[in-house]
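Below: the structure, in structure tokens.
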Amino acid sequence: MAAIDPLTAGGVLLATALTDAVYVMFTAAVVAKKRVPAATWSSIWYVLSSYAVISYTENWIYVAFAGLGSWLGAYFTITFLHRPPGGPPVGAAVE
């Protein structure tokens, strides 16, 4: 097993955190039936996830950093998207 490079570990953590944040934004755009934002978020999602996969396939331990980044990205993005009580979340379709 190769040594862990802190820069790669941080890059994987950041890339997966951003990937999950973008995935949440993509999902919100799909729910709101916004085609251009959904397509844009989707393309960003694939670029970020590709970086993470390429980085952590060289050493399986980076998968732990990917998992942590994924959790953090989803948690903080959902926190950001959640509006005060009584209002719909950002990106939700209003009927």
Side-chain angles (χ1 to χ4, degrees):
M1 181 170 80
I4 296 172
D5 176 20
L7 191 57
T8 300
V12 169
L13 186 133
L14 182 61
T16 54
L18 291 173
T19 298
D20 266 50
V22 167
Y23 177 72
V24 169
M25 297 302 291
F26 164 76
T27 303
V30 169
V31 167
K33 297 182 177 146
K34 304 287 186 180
R35 291 181 294 176
V36 172
T40 302
W41 286 121
S42 178
S43 66
I44 295 168
W45 174 23
Y46 275 93
V47 169
L48 289 169
S49 62
S50 295
Y51 169 79
V53 169
I54 290 167
S55 295
Y56 72 65
T57 53
E58 69 184 47
N59 185 342
W60 65 269
I61 198 69
Y62 293 126
V63 173
F65 293 98
L68 177 60
S70 177
W71 191 93
L72 292 169
Y75 179 84
F76 286 113
T77 305
I78 292 293
T79 300
F80 166 75
L81 288 178
H82 185 43
R83 289 195 174 174
V90 174
V94 179
E95 295 181 22

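This is a predicted model, so every value here is computed, not measured. Values below: all heavy atoms of this structure, side chains included; hydrogens, waters and symmetry mates excluded.
For F26, the side-chain contact (heavy atoms from CB on, under 4.5 Å) test picks out Y23, V30, A38, W41, S42, W45, with sequence neighbours left out. Looking at residues two or more places apart in sequence or on another chain, you find a side-chain contact (heavy atoms from CB on, under 4.5 Å) between A15 and Y51, A52. In this view, T8 and D5 satisfy the side-chain hydrogen bond (donor to acceptor under 3.5 Å, both in side chains) rule, not counting sequence neighbours.
Counting only residues at least two apart or in different chains, side chain to side chain donor-acceptor pair (under 3.5 Å) contacts with residues 62-73 comprise D20-S70. Sorted by first and then second residue, the side chain to side chain donor-acceptor pair (under 3.5 Å) pairs involving residues 10-19 (not counting sequence neighbours) form an empty list.
In this structure, the side chains of F65 and I4 come closer than 4.5 Å at one or more pairs of heavy atoms.
Residue L18 holds its CG atom at 10.0 Å from CD1 of I44, rounded to the nearest 0.5 Å.
In terms of heavy atoms, G73 sits closest to T77 at O-OG1, 2.7 Å.
Cluster annotation: I78 and M25 are assigned to the same hydrophobic cluster (Ile/Leu/Val/Met/Phe/Trp/Tyr, side-chain heavy-atom contacts under 4.5 Å, transitive). L14 and F80 end up in the same hydrophobic cluster when Ile, Leu, Val, Met, Phe, Trp and Tyr side chains are linked at under 4.5 Å. Both W60 and V12 sit in one connected hydrophobic cluster of ILVMFWY residues. Membership requires side-chain heavy atoms under 4.5 Å apart, directly or through other members.
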